[in-house]
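Counting convention: from 1, in listed order, for ligands and their atoms alike. Keep in mind that the numbers below use all heavy atoms, side chains included, and drop hydrogens, waters and symmetry copies.
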Amino acid sequence: MSRSFPDGFRWGTATAAHQVEGGNVHNDWWAWEHTPGSGCVEASGDACDQLHRYPADLELLAALGFDSYRFSVEWSRIEPAEGEFSTVALDHYRRVCASCLEHGLDPVVTFHHFTTPTWATTDGGWSDPAIVDRFGRFCETTVGRLGDLVARACTINEPNIVSFMGYMGGVFPPGARDRDRWLRASDHFVAAHRRAVEVLKAGRGDFPVGLTVSMSDYQAVPADDPAAQQRLERVRGHSEDVFLRACRGDDFVGVQAYSRTRVGPDGMLGNEPGRDVLVMGYEYWPEVLAATIRRAWEVTDHVPVLVTENGIGTDDDEQRIRYVRAALGGVLDCLDEGIEVLGYTYWSALDNFEWAFGYAPRFGLVEVDRATQQRLVKPSGRWLGAVARTNQLPD
Ligand code: BGC
C-alpha cells in the first residue's frame, strides 16, 4: 500500500553556490582550501560548473519530477569588495530564478550557505558584530534585484555548524578554537537572521522566509540516565536550541538532518559499535528525520517545518533509496501526528564539493563526471522524481 503526502507538499533538491558553481575565489572557503594544514583534502576548483550549466541542470531536475530547487546566492560574487555590488552577478542570479520558474521549479534562495566574502572576514568575521549590518545590506541589495522571482527564502544555512566548526572546532574557516568567539559568532548569526527576515520581508516580492538548522537525533546513553540526559541537554542547547528558538514566529523552520548523536554522562560517545558507518564518519540513521521534525516543531512553538536538507553520501545508490524511503516514512508519520510539514528537499541534486572532505562523498541524485562535466542520473534520482510526481511513497 502506498501512502500519500498532502496536496501542495513541495518536492525539491538542493545545492549551494560554492559546492557547485566553481571558481568562487573571493570567499573564505577558497582561501581555506588553499591553506596548508586546514584539513581540506582538495580544492573546489571548477566544481560542477553550475555557474554556466544551470539551465540544463534545472531542465533535468524538472524532468525528473521535482517542483522546487534550493540554491544559494554567493555573497562574494555579488559583493566582491565592501559596498561594491556586481550588477552582472545579481543579473546572473535573477536569470537562475527566472530559469527555475520557466521549468516549473520554485526558486528557494539561500542567502548565506557557509561562505563569507574574504573582505568581511579580516576583522573577525562572524565573531565581529559588524557582520550583522554587512549581511543585512547584502540581503537588502540582493532582494531588491531578485525578490519578485523568489518562491521561498532561507536566510542562513546551518549557522550552528558555521559557528561551531569555524570558531570552536577549528575545521571550517577561520579555523579558530575559541569558546568565546564561538558563542559570539552564534549570537551574531541569530541577530543576522532576525535582520535578514526584516529586510527580506520589507523588500521586493512577497515570499515565506525561514532559517535552516542542522539537527541531529540526540540520544542519551543509557536512555534513562539523568546525568546523560543533562549532558545531552547542555550540548543540544548550544548547538540547536538557540537557533530553533530564533525561528519562533517565522514562516517556516528548515530542518536539515542526516544522522544521530549519542551522548553519555561524560560526553559524546561516537558511533555504536557494529553500526553501518557512512563515508562522512557518522551512522546510517534515517530515523533522524522524524525525530528532528518533531523536535523542531516543539521547540519553535509550532512553526511549520520545511525539510530543507536530508540525504546520504554513499556510492551505493540502493542504500540511498532505502535511506530516503525510510526518512520519508518518518515524514508521513509526523504528518499523521498533525505536524505541519511543508515539503521535502533532498541533499543534493548533484554529486558536489563536500567542503573539507572534497569530492569523495557522493550525495547526489545525479552523478557528475568532473572531467567532462557530463551529468548522469542515478536510479535514486528517477525513484525520488517519481515519488515527487505522484506525491506518494510506494510500498
Ligand atoms: C550542508 C551541506 C552539506 C551537507 C552534507 C549540510 O550540513 O548544508 O552544504 O554538503 O550537509 O554534508
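- Heavy-atom distances between Ile161 and ligand 1 stay at or above 4.0 Å for every pair.
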Check: Stepwise, does the side-chain contact (heavy atoms from CB on, under 4.5 Å) test hold for Val299 with Glu240?
Finding: CA-CA 10 Å; Val299 179; Glu240 289 184 1; over 6 Å; no

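- Using a non-hydrogen distance threshold of 4.0 Å, Trp355 registers as a contact of ligand 1.
- A donor-acceptor pair shorter than 3.5 Å can be found between the side chains of Arg70 and Thr110.
- Ring geometry for His112 versus Trp126: interplanar angle over 60°, hence perpendicular rather than tilted (30 to 60°).
- For atom 1 (C) of ligand 1, the closest non-hydrogen atom on the protein side is Glu309 OE1, 3.4 Å.
- Near Asn157, meaning under 4.0 Å from one of its heavy atoms, ligand 1 places the atoms 8 (O).
- In terms of protein heavy-atom proximity, atom 7 (O) of ligand 1 is nearest to Glu158 OE1, 2.5 Å.
- The number of heavy-atom neighbours closer than 6.0 Å to CG of Asp206, taken from other residues, nucleotides and ligands shown, is 12 or below.
- Side chain of Glu21 to main chain of Ala47: no donor-acceptor pair is present (N/O by atom type, distance under 3.5 Å, no hydrogens or angles).
- Annotation: Tyr282 places no N or O atom under 3.5 Å from an N or O atom of ligand 1; distance criterion only.
- If you check which protein heavy atom lies closest to atom 4 (C) of ligand 1, you get Tyr258 OH, 3.4 Å.
- Interface of His113 with ligand 1, defined as ligand atoms under 4.0 Å from a residue heavy atom, comprises 1 (C), 2 (C), 8 (O), 9 (O).
- Within the listing of ligand 1, atoms 8 (O) sit less than 4.0 angstrom from a heavy atom of Gln256.
- For Gln392, the CD atom counts as densely surrounded, since its 6.0 Å shell holds more than 12 non-hydrogen atoms of other residues, nucleotides or ligands.
- With a 6.0 Å cutoff to the six-membered ring centre and a 45° limit on the axis angle, Arg10 does not count as a cation-pi contact of Tyr344.
- Residue, atom and distance of the protein heavy atom nearest to atom 12 (O) of ligand 1 are Glu354 OE2, 2.7 Å.
- Every atom of ligand 1 is numbered from 1 in the order shown, and the set under 4.0 Å from a heavy atom of Met280 is 12 (O).
- On a distance-only criterion, Trp347 and ligand 1 share at least one N/O pair closer than 3.5 Å.
- Residues His26 and Trp30 keep their aromatic ring centres 6.0 Å or farther apart.
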